[in-house]
Trainee: 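One structure, pasted below without further comment.
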Amino acid sequence: MPSAEALAVRSMLQQMRASQNLGERSLETQRAGLDQMGRTIPKPEHVQVERTSFGGVPGEWIAMAGGASTRTVLYLHGGAYYMGSCESHRGLAWRLAQASKSRVALIEYRLAPEHKFPAAVEDAVKAYESLLAQGISPDRIAIAGDSAGGGLTLATLISLRDAGKPLPACAAVLSPWTDLAGTGPSMESRAAYDPWLEPDGIRKAPLLYCSAEQLTHPLVSPLYADLAGLPPILIHVGRDECLLDDSVRLHEKLQQAGVNSSLHIWEDMWHVFHSFPMPEADEALTEIGDFIKEKIPE
């Protein structure tokens, strides 16, 4: 049974979706709205935030005060490749830093439509390489991301592998967007249950980021990529989201490729439910933190 907090958030999201037509809202309005949602989780006093640059990619170091861990999480925010920032995802990042006892490098990769594919992938790879250049060993790094950032996490891993670069110890993806062509059966079968996303909007958004011909490019939609040789990956997804099959099919393909993949489908949950202040999100982030600590032990 969902918590009272989860039921309240679901109701809020349903009301928002009913009152807003994303297709009629400007990019600036949508970006500002996502940033505002990120402010619903205030930063505690014991969290340290340092504005910086990762190989020329702007971002922030986020860590718990007094934390001495050498674990590092490179976090890639969601937002359909055209929204999202440190402002929108700082709350999620500090909660992940706390759960995993890590420093989190939260970056602001270039956004579409001003910067189309492969700009986001280039920036994520550049940020990872900057961590290595700082002397951080790849076996002390995890990459994580939500939604588009989850797909970008996989695209980054594939790019690093193909370039012969050392891979991180593990990766965690939250409701990853892995099929921008929108072919998963859950796009329709879960639409009535999803309180936040709807199929038409999911299918329109990719064309801000890439051309129609690129929708199945392996670095746009990692579901169509060769996934062999990637590090252990934890996948979280809500049972009630249109993008459920983006995760289910990804898990199946990873296993077929011989990758250590774990899939947790959260009952009664929606797209990136981790972002909201409720017990289910705390439990999920604890699980992600435990996974990272297991793969990157002290």
Side-chain angles (χ1 to χ4, degrees), residues 41 44 46-49 54 59-78 86 89-107 124-125 127-132 134-147 149-158 160-161 165-176 222 227 229-237 247 250-251 254 259-266 269 272-275 280-298:
I41 302 179
H46 61 285
V47 173
Q48 297 177 328
V49 177
F54 299 92
E60 295 176 349
W61 275 118
I62 298 176
M64 312 310 291
S69 175
T70 61
R71 293 187 195 93
T72 297
V73 178
L74 173 60
Y75 196 85
L76 309 175
H77 67 73
C86 288
H89 280 71
R90 190 178 296 119
L92 183 54
W94 73 249
R95 292 162 74 205
L96 179 59
Q98 183 176 46
S100 63
K101 299 189 183 309
S102 306
R103 291 193 307 163
V104 174
L106 174 62
I107 70 166
V125 169
Y128 178 81
E129 291 176 338
S130 80
L131 297 178
L132 300 182
Q134 293 176 45
I136 303 173
S137 175
D139 63 5
R140 305 301 298 168
I141 301 174
I143 305 182
D146 64 281
S147 192
L152 183 56
T153 294
L154 293 156
T156 303
L157 294 174
I158 294 163
L160 294 170
R161 179 203 63 193
K165 302 288 185 179
L167 295 177
C170 61
V173 290
L174 293 57
S175 301
L227 301 174
L230 301 188
I233 296 175
L234 173 63
I235 305 166
H236 275 193
V237 68
S247 289
L250 171 66
H251 175 61
L254 286 167
V259 177
N260 179 355
S261 174
S262 302
L263 172 66
H264 189 159
I265 300 174
W266 291 78
M269 291 294 107
V272 199
F273 65 93
H274 313 68
S275 299
E280 292 86 349
D282 294 339
E283 182 183 350
L285 287 166
T286 296
E287 182 175 285
I288 294 170
D290 289 345
F291 168 78
I292 292 173
K293 289 185 288 187
E294 175 191 345
K295 301 305 179 185
I296 311 177
E298 289 289 7

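Each residue takes its place number in the sequence, starting with 1.
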Trainee: How close do Leu230 and Leu167 get, counting heavy atoms only, and between which atoms?
Mentor: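 So the two residues come closest at CA-CD1, 4.4 Å.
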Trainee: What are the two closest heavy atoms between Ser102 and Thr72, and how far apart are they?
Mentor: CB-N, 4.5 Å
Trainee: Looking at side-chain heavy atoms only, is the closest gap between Pro166 and Asp139 below 4.5 Å?
Mentor: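 No, their side chains stay 4.5 Å or more apart.
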Trainee: If I take atom OG from residue Ser262 and atom CG from residue Leu234, how far apart are they, to the nearest 0.5 angstrom?
Mentor: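 Between Ser262 OG and Leu234 CG, I get 6.0 Å after rounding to 0.5 Å.
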Trainee: Taking the six-membered ring for Trp, are Phe54 and Trp61 closer than 6.0 Å centroid to centroid?
Mentor: yes
Trainee: Are there over 12 heavy-atom neighbours, none belonging to Lys293, within less than 6.0 Å of that residue's NZ?
Mentor: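 Buried by this count: over 12 neighbours within 6.0 Å.
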Trainee: Determine whether Pro222 and Ile158 make a side-chain contact, defined as any pair of heavy atoms from C-beta on separated by less than 4.5 Å.
Mentor: yes
Trainee: Between Arg103 (side chain only) and Met64 (backbone N and O only), is there a donor and an acceptor less than 3.5 Å apart?
Mentor: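 No; judged by distance alone, with no hydrogens or angles, the pair does not exist.
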Trainee: Please examine the side chains of Leu131 and Gln134, heavy atoms only from C-beta on, and report whether any two atoms are closer than 4.5 Å.
Mentor: yes
Trainee: Just wondering, do Ile233 and His251 contact through their side chains at under 4.5 Å, heavy atoms?
Mentor: no
Trainee: Once you round to the nearest 0.5 Å, how far does CZ of Arg71 lie from SG of Cys170?
Mentor: 10.0 Å
Trainee: Nearest 0.5 angstrom please: Leu263 CG to Leu254 CG, how far?
Mentor: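 The CG atom of Leu254 is 10.0 Å from CG of Leu263, to the nearest 0.5 Å.
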Trainee: Once you round to the nearest 0.5 Å, how far does OG of Ser275 lie from CG of Leu174?
Mentor: 7.5 Å
Trainee: Does Leu285 reach the side chain of Leu92, with side-chain heavy atoms less than 4.5 Å apart?
Mentor: yes
Trainee: Of His274, His89, His236, which meets side-chain hydrogen bond (donor to acceptor under 3.5 Å, both in side chains) against Asp146?
Mentor: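 Output: one option passes, namely His89.
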Trainee: Between Ser247 and Ser175, is there a side-chain heavy-atom distance shorter than 4.5 Å?
Mentor: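 A side-chain contact under 4.5 Å is absent here.
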Trainee: So which atom in Ala97 and which in Ile62 form the shortest heavy-atom distance, rounded to 0.1 Å?
Mentor: CB-O, 4.1 Å
Trainee: If you look at every heavy atom in Pro168 and Pro231, which pair is closest and at what distance?
Mentor: O-CB, 3.4 Å
Trainee: What heavy-atom pair brings Leu250 and Pro176 nearest, and what distance separates the two atoms?
Mentor: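 Scanning both residues completely, I find the closest heavy atoms to be CD2-CG, 4.2 Å.
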Trainee: Is there side-chain contact between Leu132 and Pro138, with heavy atoms separated by less than 4.5 Å?
Mentor: yes
Trainee: Working to the nearest 0.5 Å, report the span between OH of Tyr128 and CD1 of Ile107.
Mentor: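 CD1 of Ile107 is found 13.0 Å from OH of Tyr128.
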Trainee: Taking the side chain as every heavy atom from C-beta outward, state whether Trp266 and Glu287 have any pair of such atoms under 4.5 Å apart.
Mentor: yes
Trainee: Measure the OH-CG distance between Tyr75 and Leu152 for me, rounded to the nearest 0.5 Å.
Mentor: 11.0 Å
Trainee: Which pair of non-hydrogen atoms, one from Arg140 and one from Pro297, has the smallest distance, and what is that distance?
Mentor: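 For Arg140 and Pro297, the tightest heavy-atom pair comes out as NH1-O, 2.7 Å.
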